[in-house]
Amino acid sequence: MLQLPFIRENRDLTIAGLRKKYVTNPEEIIDNLIASDQHRRETQQELDTTLAQSNALAKQIGELMKAGKREEAEIVKAETVNLKIRSKSLEDTLQTAETDLQALLVTLPNLPHASVPEGRTPEENEAVFSWGEKPILPADAVPHWELIKAKGIIDFELGNKITGAGFPVYRGKGARIQRALINFFLDEAIAAGYVEIQPPILINEASAFGTGQLPDKEGQMYAAGGPEATADKLFLIPTAEVPITNIYRDVILSESDLPIKNVGYTPCFRREAGSWGAHVRGLNRLHQFDKVEIVQIRKPEESYQAQQEMLEHVKGLLQKLELPYRILRLCGGDMSFTSALTFDFEVWSGAQQRWLECSSVSNFETYQANRLKLRYKVEGKMQLLHTLNGSALALPRILAALLENNQSPEGIRIPNALVPYCGFDMI
RNA sequence: AGAGAGAUGGCGGAGUGGUCUAUCGCGGCGGUCUUGAAAACCGUUGACUGUCAAAGGUCCGGGGGUUCGAAUCCCUCUCUCUCUGCCA
């Protein structure tokens, strides 16, 4: 959530940022917001003055009562009547003003970092780095959805029967390689100084709000929480970012706690409502998938350096897995609602002959921290922290690339780094 | 799931309608003393809002109510603890 004082003092900058993210009518929204805020503050002032008067009179009554001057107290009491009516009405006005302001404020996305390129579509993302050679596959190479069928390691039809489309069943070496990847990713993160977390995979509304899934993006999550209409609403997590970052909701950290580096493996659940198209076969898009997520909480002045460190970490993972990849700096229109700067990693899928997104590393600056009320004290002043996160890594597309790129007449070769985790070197 | 008790500042813990502007202790920070430290002593120590800075206002688990005035009384929700039951 953007901070009102910032918007007030940086109107033009805010409007320009919103425009880069393709928000419609940013001037109108911001001017409206500034006017509402002005109104809110005036009402607050008026209410405060009225309450101050009431408080003074109440104190006076107390003293008179104590002194036994009952009749004088009654006279003062009569004076409070109007003040009370007035403060009641001001309170209502203020309440409405605050609710409206908040409702408007939460609809605004984060402002993009200066380095974010202009652009609306994924085609306008900027490739900033690439590594590895695209493999030359045998003429009879096939995409992963055929490989998994042939090897009997992932069964989509079975998942269909148990749950529905997009919930595959992993079996035998398919299940073992999943577990191997998870452990490999966790161990690498732990070696890099991250503390492992096992969070709940259901979250409440406050948590969903804290990281920016609510309001509005409710439709992307699966809801749970019981059949009663009055039951608290819970959601299956779309990413471990939500429960892990929310550990620090309403927390005031001390400088010595920083930096915070957490890693967690969780399954992730996404409804992906309306986003199923032609080339989302096999593991390319699922409703349930596994992911190891890294989360950092940093001082503002360190956060961009931390993001670079996170990029290096993810690079290391892909290189150890011997997968060709590239890094994209996302353009304003393709970035998520809450992010200030996002880098996507894409692995090369040899048989599909296309890049597959497998990680997204973002700096949210104070956007989430403001919602979370995640702060620390520096030189006696409270300051919002910066939150960052990144996939390190999401499994399905890694597995897809790994299977496709390493296929050979002898079988599918497991990268050396993964062999100790798998317990086999060929599928 | 049943019965009972409770929720107060970083922690412990007072406070049952009117200087609560929340007692006190611990912890933290600053100082005195010391070569340095410990001990002792003195001082200081919450958040939000508002402002150039103030004044002022709000906050005692959440929400609502009674009252001129609520940490304190009433309603409601949530959570925690103890006992009993059930259970991976």
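Just so you know, these numbers use all the heavy atoms, side chains as well, and skip hydrogens, waters and symmetry mates. Per chain, numbering begins at 1; letters A, B, ... match sequence-line order.
Contact annotation for Lys377(A): backbone-only contact, meaning every heavy-atom pair under 4.0 Å involves sugar-phosphate atoms and none involves a base. As judged by a 4.0 angstrom heavy-atom cut-off over every strand, Leu51(A) is placed among residues touching the sugar-phosphate backbone only.
Annotation: C60(B) and A7(B) have their C1' atoms spaced 10 Å apart (nearest Å). Using atom P as the reference point in both U82(B) and G13(B), the two lie 14 Å apart (nearest Å). Here, G18(B) and A70(B) have their P atoms 11 Å apart, quoted to the whole Å. Comparing G27(B) with G64(B), their C1' atoms sit 37 Å apart, to the nearest whole Å. Nucleotides C81(B) and C74(B) have their C1' atoms positioned 25 Å apart, rounded to a whole Å. Comparing the C1' positions of A14(B) and A22(B) gives an interatomic distance of 10 Å, to the nearest angstrom. Spacing between G9(B) and A5(B) at atom C1', rounded to whole Å, works out to 23 Å.
Of all the heavy atoms in Gly17(A) and Pro112(A), the pair that sits closest is O-CD, 3.3 Å. Across all their heavy atoms, Val169(A) and Gly159(A) have their closest contact at CG2-N, 3.7 Å.
Looking at Thr211(A) and Gln213(A), their side chains do bring a donor and an acceptor atom within 3.5 Å of each other.
Judged by closest nucleotide on RNA chain B, Lys59(A) is the one of Lys59(A) and Asn55(A) placed further toward the 5' end.
With Phe424(A) as the aromatic partner, Lys173(A) meets the cation-pi criteria of under 6.0 angstrom to the ring centre and within 45 degrees of the ring axis.
Aromatic ring centres of Tyr304(A) and His386(A): separated by at least 6.0 Å.
The side chain of Ile252(A) approaches A47(B) more closely than any other nucleotide in the set A47(B), C68(B), U58(B).
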Contact state string [nucleotides 48-53 of chain B, B base, S sugar-phosphate only, - no protein heavy atom under 4.0 Å]: SSSS--

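The interatomic distance linking Glu91(A) (CD) with G57(B) (C1') rounds to 11 Å, in whole Å.
Between the side chain of His287(A) and the main chain of Phe167(A), no donor-acceptor pair closer than 3.5 Å is present.
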